[in-house]
Amino acid sequence: MEYIDQKSAPIYEALEYFRKRRVVPFDVPGHKRGRGNPELVELLGSKCVGLDVNSMKPLDNLGHPVSVIRQAEELTAEAFGAAHAFLMVNGTTSSVQSMILSVCKAGDKIILPRNVHKSVINAMVLCGAVPVYLEAKVNPKIGIALGVEVEEVRRVMDANPDAVAIFINNPTYYGVCSNLKKIVEMAHERHMKVLADEAHGTHLYFGENLPLSGIAAGADMAAVSMHKSGGSLTQSSILLCGPGMDAEYVRQIINLTQTTSASYLLLSSLDISRRNLALRGRESFAKVTKMAEYARNEINDIGGFYAYGRDLIDGDSVYDFDVTKLSVYTQGIGLTGIEVYDLLRDEYDIQIEFGDIGNILAYISIGDRIQDIERLVGALEDIKRLYEKDSSDLYCGDFIQPETVLTPREAFYAHKRQVPVIEAAGHICAELVMCYPPGIPILTPGERITDEIIEYILYAKEKGCSVQGTKDPNVQLLNVII
């Protein structure tokens, strides 16, 4: 690719020029630069609402870009080291699903760890792909699923030579990374595509002394949540392609599900954020890493809490660790992660990313300040002093890998009925069940329900986790196959 200037932000610049022209709108959206909805202007501001515009010739079209959006894509590809990049406005859910739909059709096998995001399972419902799960190991102390081991990947690949792709989290929500480069080598030797879920890995492309990014490792596609650690607006994402993908075919796949009314607020935020990372990303993420490591050390000094990091690395199931993830095991003070999560929000006005049975995650990124870190550490110190209790009755929250009986698509569209959760053991689940966040399914369509899984669901509900995905909003009934 010829040199292009990363100081440019073509979508942003086109919007600024458009705004100055004061064009009279006889197109959508119907609020007409906010004049038809003054409450919206009061909430968001006239400049923001005035740039909520429709695709038009000067601003290009996301579904078939030929000018400023295509230029922004080229800049993004160069900044991230990819052969091609797509700007995505349906969230990284859309990016993940576009990756799978680009390489899988009905009946195709895809190899993946079981601790994937719900968007992956839903993609398999849509295209009819057949999951082949890698065995997940769990850290027995903190109860989180680890990365995938190279020999386990080799075993599953050799047992399923007809698989078309392998899907890898890079990193997991908790910060764990697998040996992605070696996995890519093994996959490509067998003519399998490699898909990297980097919903939590934008910074890997710009940070120093961080795990290897998907594209740098040779992955064929990577879904990157720019809105998480990259600074763009919520719901904006990018999809990266390596040289082995047909980019225009991938665009056709994206256009199957992505909106035809792309938000220019989201697009311009991606454009500006890419420029910011390309020019200042290394400096910014060096500060993020320093803050996260400082917080980790301070929290571990409190006692009871365990803020884990590179100490988990074993060269295989934890090949590397993303230290910007401030993951903290809380049961050492006798509280589940979700209980600490609720206390931080309700008593200290601190909103962290999530709490599960055993852990909390505080997301540290380019917008954080050291005084915010100090406030979090102080609150955790206070929580230990005021709320610590005996932990002997707490369940660690081991990751359970259920038996797969049917494909997600077969189960989702099968005839089904609802049964009480407590009576569901032995049945085949016909819907998703998960705690959100993090959105890793406890059950997916096609998996057998066991007493152990039921116990976990009931325990998660009792402790205050947000259990979602079921037809029954109260999660008292489960859809099972007749």
Side-chain angles (χ1 to χ4, degrees), residues 4-77 79 85-95 97-98 202 223-239 251-252 254-280 284 351 365-367:
I4 47 181
D5 184 7
Q6 287 292 340
K7 294 179 182 176
S8 172
I11 299 173
Y12 162 73
E13 291 156 9
L15 278 172
E16 283 285 77
Y17 178 71
F18 170 80
R19 184 174 60 85
K20 291 172 182 175
R21 290 188 63 187
R22 301 171 65 106
V23 174
V24 178
F26 282 101
D27 61 350
V28 296
H31 61 67
K32 301 298 175 88
R33 315 291 189 264
R35 292 194 296 270
N37 195 340
E39 292 91 348
L40 190 64
V41 177
E42 185 177 353
L43 176 66
L44 299 179
S46 58
K47 189 169 184 180
C48 177
V49 177
L51 292 178
D52 180 36
V53 294
N54 191 32
S55 295
M56 60 188 75
K57 195 169 184 179
L59 298 179
D60 210 355
N61 187 294
L62 184 61
H64 187 80
V66 295
S67 59
V68 293
I69 294 177
R70 185 167 286 271
Q71 291 164 24
E73 288 180 343
E74 291 170 355
L75 285 159
T76 302
F86 298 93
L87 306 185
M88 307 290 287
V89 295
N90 282 22
T92 304
T93 287
S94 179
S95 299
Q97 293 179 346
S98 294
T202 308
V224 181
S225 264
M226 280 286 278
H227 72 89
K228 289 188 171 74
S229 60
S232 64
L233 290 177
T234 296
Q235 198 177 307
S236 59
S237 175
I238 59 174
L239 177 57
R251 192 185 301 282
Q252 288 182 313
I254 292 169
N255 285 340
L256 291 175
T257 56
Q258 183 158 254
T259 178
T260 55
S261 302
S263 165
Y264 278 87
L265 299 176
L266 299 182
L267 290 173
S268 59
S269 82
L270 284 170
D271 199 22
I272 294 166
S273 298
R274 179 272 314 153
R275 180 173 67 178
N276 182 45
L277 294 182
L279 300 179
R280 293 175 287 275
S284 296
Q351 181 63 57
S365 195
I366 57 178

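Treat the numbers as computed from the prediction; the structure is a model and nothing was measured.
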Practice item. Apply side-chain contact (heavy atoms from CB on, under 4.5 Å) to the pair L75 and S8, showing each step before the final yes or no. Key: CA-CA 8 Å; L75 285 159; S8 172; 4.2 Å; yes
For a quick test of reading the model, state the closest non-hydrogen atom pair linking [X] to [Y] and the distance between them.
X	Y	answer
N61	G63	OD1-N, 2.9 Å
T257	S94	OG1-OG, 4.4 Å
D27	M56	OD2-CE, 3.8 Å
V68	A14	CG1-CB, 4.0 Å
L62	V89	CD2-CG2, 3.9 Å

Are any side-chain N or O atoms of [X] and backbone N or O atoms of [Y], one a donor and one an acceptor, separated by less than 3.5 Å?
X	Y	result
D60	V66	yes
S225	K228	no
S365	S229	yes
S236	S232	no
D271	I11	yes
S269	L233	yes
E16	Y12	no

Practice item. Evaluate the criterion side-chain contact (heavy atoms from CB on, under 4.5 Å) for residue pair R35 and H31; output intermediate values, then yes/no. Key: CA-CA 6 Å; R35 292 194 296 270; H31 61 67; over 6 Å; no
Review point. With no hydrogens and no angle check, do the side chains of S237 and T92 hold a donor and an acceptor under 3.5 Å apart?
Key: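 Short answer, yes.
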Report yes if the side chains of [X] and [Y] come closer than 4.5 Å at any heavy-atom pair, otherwise no.
X	Y	value
M226	L277	yes
T259	N90	yes
D52	P29	yes
N37	E39	yes
R33	V53	yes
L267	I69	yes
M88	Q258	yes
S268	E13	no

Practice item. Would you sort out whether I238 and F86 count as a side-chain contact (heavy atoms from CB on, under 4.5 Å), showing the intermediate values? Key: CA-CA 6 Å; I238 59 174; F86 298 93; over 6 Å; no
Point to revise | Ionic contact status for R251 with E73, cut-off 4.0 Å | key: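 So E73 pairs with R251 through a salt bridge.
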Exercise for review: Please list, chain by chain and in numerical order, all residues satisfying ring pair (Phe, Tyr, Trp, His ring centres under 6.0 Å) with Y264, sequence neighbours excluded.
Suggested key: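 With sequence neighbours excluded, Y264 shows a ring pair (Phe, Tyr, Trp, His ring centres under 6.0 Å) to no residue whatsoever.
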